[in-house]
Amino acid sequence: MDFSGKRVVVTGAGKGIGRATALMLARRGAHVVALTRSAADLETLSAETGAQAIVVDLADAEATRAAARAALPADFLVNCAGATELESFLDVSVENFDLLHAVNTRAPMIVAQEYARDMVGSGRTGAIVNVSSCASFVGIPDHAAYCASKAGLDGLTRVMAKELGPHGIRVNGLHPTVTLTPMAVKAWSDPDKAAGMLARIPLGRFAEPDDIAEVILFLLSDAAAMVHGLSMPVDGGYMIA
Ligand code: NDP
């Protein structure tokens, strides 16, 4: 897959899956525009790849819209930034519920809205990948706000696919299982919990960030020209009933 000459906006490109995606895109010729929170991550990414760096807190709606506009024009968009807080349902706080919805659901909406308005206005075609999670399909203990925020993102993906498809903008959701990133360290460091999750993955391992990045690039590329509105697990078989 060759992305030469393509500009790709990647949110959450500082760490984990977003960073792996940005690095892979850059290796395959793309110019990456990276939106994320920690300036130090963006400095090293820019030094490595020449990526354009935009520091933003995606929990802030106005700042997110301004950052999205500054990132344009672009050919493709990867909404990858995400956050989690571990709380049992009985303990979920309104603050964390709102925070996870702001970062995991509202920010992808705002960034995609700005991207799509620009594409539709200029008559160009493109593709969006919204990075969701298996947690949008499965109730995972201590992940109530996270599961709800990702299920909300899936609803958004489906409507975006219906409305943006006629404009030549493909929209797909991608659903990783546990992927070995800083987020996984936060959510799955407990060996008992990790073992229970691993036992449900027929391929017998957690994902590496590059496993997910490869599929993101596929969904952006012309190889996926008829793939639209999909909720695609990348999970080693975790979702098999
Ligand atoms: P990481 O925590 O490793 O990286 C997340 C990236 O998003 C970081 O660069 C982080 O920046 C950025 N980010 C988080 N919150 C904000 C914010 N408020 N404003 C701006 N940037 C922010 O996560 P992963 O790479 O693991 O996750 C990537 C995506 O994949 C997420 O949407 C996640 O929900 C999803 N996912 C991950 C799984 C996993 O097991 N890892 C499983 C299923 C889905 P900073 O570090 O500066 O906060």
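One-based numbering, in listed order, for ligands and for the atoms of each.
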_So is W188 touching ligand 1 or not, going by heavy atoms under 4.0 Å?_
no
*Mind checking whether D41 has an N or O less than 3.5 Å away from an N or O of ligand 1?*
no
*Under the side chain to side chain donor-acceptor pair (under 3.5 Å) criterion, do D91 and S88 qualify, and how do the steps go?*
CA-CA 5 Å; D91 295 330; S88 74; 3.2 Å; yes
*Counting both backbone and side chain atoms, is some N or O of C80 under 3.5 Å from an N or O of ligand 1?*
yes
*Record the part of Y146 in heavy-atom contact with ligand 1 below 4.0 Å; permitted values are side chain, backbone, both and neither.*
side chain
*If you have a sec, work out which protein heavy atom is nearest atom 39 (C) of ligand 1 and how many Å separate them, to one decimal?*
T179 N, 3.4 Å
*asked:* Please list, in number order, the atoms of ligand 1 under 4.0 Å from a heavy atom of G82.
replied: 5 (C), 7 (O), 14 (C), 31 (C), 32 (O)
*Where is the nearest protein heavy atom to atom 7 (O) of ligand 1: which residue, which atom, and how far?*
G12 CA, 3.4 Å
*Numbered atoms and elements of ligand 1 in range of G16, under 4.0 angstrom, heavy atoms*: 3 (O), 25 (O)
*Ignoring hydrogens, just give me the one of D235, L174, T181 whose non-hydrogen atom is nearest atom 26 (O) of ligand 1.*
T181
*Just jot down the ligand 1 atoms closer than 4.0 angstrom to any heavy atom of G14, in number order.*
9 (O)
_Identity and distance of the protein heavy atom lying nearest atom 3 (O) of ligand 1_ = P182 CD, 3.1 Å
*Hey, is the main chain of T177 close enough, under 3.5 Å, to the side chain of T179 for a donor-acceptor pair?*
yes
_side chain to side chain contact (heavy atoms under 4.5 Å, CB included) for D75 and L220? Distances and angles first, verdict last._
CA-CA 10 Å; D75 297 286; L220 294 178; over 6 Å; no
*V56 neighbourhood, listing ligand 1 atoms whose heavy-atom distance to it stays under 4.0 Å*: 19 (N), 20 (C)
*If you have a sec, work out which protein heavy atom is nearest atom 13 (N) of ligand 1 and how many Å separate them, to one decimal?*
A81 CB, 4.1 Å
*With backbone taken as N, CA, C and O and side chain as the heavy atoms from C-beta onward, which portion of T177 lies under 4.0 Å from ligand 1: side chain, backbone, both, or neither?*
backbone
*Okay, side chain of R170, backbone of L219: is any donor-acceptor separation there less than 3.5 Å?*
yes
*Test Q52 against S46 for side chain to side chain contact (heavy atoms under 4.5 Å, CB included), laying out the working first.*
CA-CA 6 Å; Q52 180 185 338; S46 294; over 6 Å; no
*asked:* Could you tell me, atom by atom, which parts of ligand 1 come under 4.0 Å of a heavy atom of V131?
replied: 29 (C), 30 (O), 32 (O), 35 (C)
_ligand 1 N/O within reach of L58 N/O, cut-off under 3.5 Å_ = yes
*Counting distance only, does the side-chain N/O of N79 pair as donor-acceptor with the main-chain N or O of P108 below 3.5 Å?*
yes
*Who's the nearest protein heavy-atom neighbour of atom 21 (N) of ligand 1, and how far?*
R37 N, 3.4 Å
*For ligand 1, does V103 get within less than 4.0 Å through its side chain, its backbone, both, or neither, judged by non-hydrogen atoms?*
side chain
_Any side-chain to backbone donor/acceptor pair from R19 onto D41? Under 3.5 Å, distance only._
yes
*Pick one of side chain, backbone, both or neither for how A107 approaches ligand 1, counting any non-hydrogen atom pair under 4.0 Å.*
neither
*Exam field: side chain K150 to backbone T105, donor-acceptor pair closer than 3.5 Å*: no
_Matching residue for S149 among T84, D98, N104 - test: side-chain hydrogen bond (donor to acceptor under 3.5 Å, both in side chains)_ = N104
*Hey, what's the ring geometry for H143 with W188, parallel, tilted or perpendicular (30° and 60° as the breaks)?*
parallel
*List the closest protein heavy-atom neighbour of atom 11 (O) of ligand 1: residue, atom name, distance to the nearest 0.1 Å.*
T36 OG1, 3.3 Å
*How close does the nearest protein non-hydrogen atom get to atom 25 (O) of ligand 1, and which residue and atom is it?*
I17 N, 2.8 Å
_Criterion side chain to side chain contact (heavy atoms under 4.5 Å, CB included) on M160 and I169, from CA distance to verdict_ = CA-CA 9 Å; M160 287 163 63; I169 301 172; over 6 Å; no
*Looking at ligand 1, does K150 have a heavy atom less than 4.0 Å from it?*
yes
*Do the side chain of S38 and the main chain of A40 share a donor and acceptor less than 3.5 angstrom apart?*
no
*Would you mind running through ligand 1 and noting each atom that sits below 4.0 Å from a heavy atom of D57?*
17 (C), 18 (N), 19 (N)
*With a 4.0 Å cut-off, would you call R65 and E62 a salt bridge?*
no
*Indicate yes or no for a side-chain donor-acceptor contact from H228 to the backbone of V171 under 3.5 Å, with no hydrogens or angles considered.*
yes
*Among all protein non-hydrogen atoms, which one is nearest to atom 44 (C) of ligand 1, and what is the separation to 0.1 Å?*
S132 O, 3.2 Å
*asked:* Which of the numbered atoms in ligand 1 are under 4.0 angstrom from any heavy atom belonging to P176?
replied: 42 (C), 43 (C), 44 (C)
*Closest non-hydrogen atom pair between L58 and T11, with its separation*: CD1-CB, 4.2 Å
*Which ligand 1 atoms, with their elements, are less than 4.0 angstrom from a heavy-atom of V178?*
40 (O)
_Test side chain to side chain contact (heavy atoms under 4.5 Å, CB included) applied to F206 and I201, step by step_ = CA-CA 8 Å; F206 293 141; I201 300 177; 3.7 Å; yes
*Nearest neighbour of atom 23 (O) of ligand 1 from the list M197, K15, M183, on a heavy-atom basis*: M183
